[in-house]
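Just below is one structure, and these are the notes that go with it.
Every chain is numbered from 1, with letters handed out A, B, ... down the list of sequences. Keep in mind that the numbers below use all heavy atoms, side chains included, and drop hydrogens, waters and symmetry copies.
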There are 2 protein chains.
Amino acid sequence: MTTEAKQSLDFEGDLRRAGIRITRPRRIILGILQETGDHPDAYEILRRASALDASISLSTVYRTMKLLEEHGAIQRHAFAGGPSRFEHTGEEHHDHLIDVETGDVIEFRSARIEKLQDEIARELGYDILHHRLELYGRKRRKN
Amino acid sequence: MTTEAKQSLDFEGDLRRAGIRITRPRRIILGILQETGDHPDAYEILRRASALDASISLSTVYRTMKLLEEHGAIQRHAFAGGPSRFEHTGEEHHDHLIDVETGDVIEFRSARIEKLQDEIARELGYDILHHRLELYGRKRRKN
DNA sequence: ATCGGTGCAAACCTTTTGCACACTG
DNA sequence: CAGTGTGCAAAAGGTTTGCACCGAT
């Protein structure tokens with residue numbers, strides 16, 4: 001635990017330092033990703049961005065997603081079936097539990113699972129670059 | 001544990017019992033899935049099926065995949081990026097480690113991870129229907 | 001003979017790309 | 001001002017579907 005709270009809010013500065021131009025669309029899209037607590041897909045991001053600047057296009061959303069992904073500012077998820085959904089990279093790594101009835105996404109983390117994954121990969125002779133753990137479940141009704 | 005070894009080889013019978021007609025394309029596709037050890041995508045399945053019956057179409061492959069998936073005979077994987085890849089449901093559940101450099105898929109299983117997943121879901125108030133665990137890694141070079 | 005299954009082509013959905021213009025640094 | 005970024009429209013995957021014919025039961 002004890003991961004010190006990263007002041008991860010300065011993506012703009014990070015990008016600028018990397019030689020990336022901060023344009024109006026990028027600022028808007030980045031702002032949306034940073035503020036939201038959910039996992040919107042490209043169309044949803046476009047919808048929200050359009051409210052702030054009607055001229056933003058879907059291509060720009062996708063291009064910005066790719067850019068931000070490459071710079072580690074966001075992560076791309078491909079939950080079963082649908083389109084990619086994006087999430088801004090926060091302080092701490094987590095995995096997802098998807099409610100198959102509502103589509104809700106619940107975040108959780110387990111240091112023990114992470115550790116087990118590392119052990120397994122090591123036994124197989126690999127170094128893990130990243131992983132994906134998704135639980136698909138249904139809300140338990142108390143009985 | 002002690003799941004008794006299912007003689008899971010009689011998918012045809014299972015399907016027939018479920019009122020599904022066993023046609024030539026279905027038998028061929030099912031055969032391919034049962035024999036292969038890898039995780040082919042729809043085009044690859046079509047390619048192999050075509051060798052046995054040149055008239056089989058991609059639509060039939062997809063339709064059969066959906067059918068088999070619904071009957072639990074196969075699983076559909078959506079590894080990062082590419083198209084869906086299919087795998088015939090074998091005796092024992094397993095997860096995947098994807099070699100990011102070669103695309104190779106290595107299967108592994110860990111009862112401890114499965115157990116942890118159940119615990120986590122229970123704590124969150126959910127019952128797990130299924131899950132997806134993929135490790136993306138690079139072969140470790142001895143140094 | 002019936003009704004489900006198939007091939008074909010067209011449609012769909014998500015994502016990428018070519019091009020000419022616009023804007024950031 | 002140079003060169004990157006953008007919008008638009010078209011293209012590129014991957015997957016699904018409407019339709020008329022075909023074949024399993």
Side-chain angles (χ1 to χ4, degrees), chain A residues 11-32 39-71 73-87 103, chain B residues 11-32 39-47 49-71 73-86 103:
Chain A
F11 283 121
E12 265 196 44
D14 291 346
L15 293 172
R16 213 184 295 270
R17 249 161 269 135
I20 305 288
R21 291 185 184 173
I22 301 305
T23 61
R24 187 171 156 72
R26 285 181 180 164
R27 197 178 340 257
I28 289 176
I29 292 171
L30 203 40
I32 289 170
H39 306 70
D41 62 22
Y43 267 96
E44 178 59 26
I45 293 170
L46 175 64
R47 219 169 291 130
R48 297 182 196 174
S50 298
L52 303 174
D53 178 344
S55 76
I56 290 177
S57 75
L58 187 58
S59 341
T60 295
V61 173
Y62 274 111
R63 281 192 274 235
T64 304
M65 292 305 104
K66 177 173 287 182
L67 185 83
L68 295 179
E69 192 182 9
E70 284 164 355
H71 286 268
I74 63 164
Q75 283 171 255
R76 175 190 303 254
H77 300 295
F79 299 136
S84 296
R85 295 170 64 174
F86 304 92
E87 173 184 24
Chain B
F11 283 122
E12 265 197 46
D14 291 347
L15 293 171
R16 214 185 291 272
R17 249 162 268 134
I20 306 288
R21 291 185 186 172
I22 303 304
T23 61
R24 186 169 157 75
R26 285 182 181 162
R27 198 178 341 256
I28 289 176
I29 293 172
L30 204 40
I32 290 170
H39 306 68
D41 62 22
Y43 268 96
E44 177 59 25
I45 292 170
L46 176 64
R47 220 168 292 130
S50 298
L52 303 175
D53 178 345
S55 76
I56 289 177
S57 74
L58 187 58
S59 341
T60 295
V61 173
Y62 275 112
R63 282 192 274 235
T64 303
M65 291 305 105
K66 178 174 287 181
L67 184 83
L68 295 179
E69 192 183 8
E70 285 165 354
H71 286 269
I74 63 164
Q75 282 171 256
R76 174 191 303 255
H77 300 294
F79 300 137
S84 297
R85 295 171 63 173
F86 305 92

With sugar-phosphate meaning primed atoms plus P, OP1 and OP2, does I56(B) contact a base, only sugar-phosphate, or nothing at under 4.0 Å between heavy atoms?
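Sugar-phosphate contact only - I56(B) comes under 4.0 Å of backbone atoms but never of a base.
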
Can you measure [X] atom [atom1] to [N] atom [atom2] for me and round it to whole angstrom units?
X: L46(B); N: dG13(D); atom1: CG; atom2: P; result: 17 Å
X: I20(B); N: dT6(C); atom1: CD1; atom2: C1'; result: 15 Å
X: L67(B); N: dG5(C); atom1: CG; atom2: P; result: 7 Å
X: L58(A); N: dC13(C); atom1: CG; atom2: C1'; result: 11 Å
X: I45(A); N: dT15(C); atom1: CD1; atom2: C1'; result: 13 Å
X: R24(A); N: dG7(D); atom1: CZ; atom2: C1'; result: 15 Å
X: I28(B); N: dT6(C); atom1: CD1; atom2: C1'; result: 13 Å
X: E70(A); N: dT16(C); atom1: CD; atom2: C1'; result: 13 Å

Do T60(A) and I29(A) come close enough that some side-chain heavy atom pair is under 4.5 Å?
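Counting from C-beta outward, T60(A) and I29(A) do come under 4.5 Å.
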
Do L15(B) and L30(B) come within less than 4.5 Å of each other through their side chains, counting heavy atoms only?
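L15(B) reaches L30(B) side chain to side chain.
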
Which nucleotide in [options] has an atom nearest any side-chain atom of [X]:
X: Y62(B); options: dT17(D), dC8(D), dT15(D); result: dT15(D)
X: R26(B); options: dG5(C), dT15(D), dG5(D); result: dG5(C)
X: I22(A); options: dG7(C), dT14(C), dG25(C); result: dG25(C)
X: R21(A); options: dT4(D), dG7(C), dG7(D); result: dT4(D)
X: K66(A); options: dT16(C), dG5(C), dT25(D); result: dT16(C)

On DNA chain D, nearest-nucleotide positions of T23(B) versus F86(B): which is more 5'?
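That would be F86(B).
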
Do any side-chain nitrogens or oxygens of S59(B) fall under 4.0 Å of OP1 or OP2 in dT17(D)?
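No.
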
OP1 or OP2 of dA24(D) less than 4.0 angstrom from a side-chain nitrogen or oxygen of R16(B), does that happen here?
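So the side chain of R16(B) is outside the cut-off, no N or O lying under 4.0 Å from OP1 or OP2 of dA24(D).
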
Check the pair R48(A), E44(A) against salt bridge (charged side-chain N to carboxylate O under 4.0 Å, His left out), reporting the backbone distance first and the verdict last.
CA-CA 6 Å; R48(A) 297 182 196 174; E44(A) 178 59 26; 2.7 Å; yes

Let's test your reading of the model: under 3.5 Å, does the base of dG7(D) pair with the side chain of R63(A) as donor and acceptor?
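When only heavy-atom distances are counted, R63(A) does reach the base of dG7(D) through a donor-acceptor pair under 3.5 Å.
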
Of R26(A), R17(A), R27(A), which is the lone residue that meets side chain to side chain donor-acceptor pair (under 3.5 Å) with E12(A)?
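Answer after filtering R26(A), R17(A), R27(A): R27(A).
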
Between V61(A), I45(A), L68(A), I32(A), which is the residue that forms a side-chain contact (heavy atoms from CB on, under 4.5 Å) with F86(A)?
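Looking at V61(A), I45(A), L68(A), I32(A), the match for F86(A) under the side-chain contact (heavy atoms from CB on, under 4.5 Å) is I45(A).
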
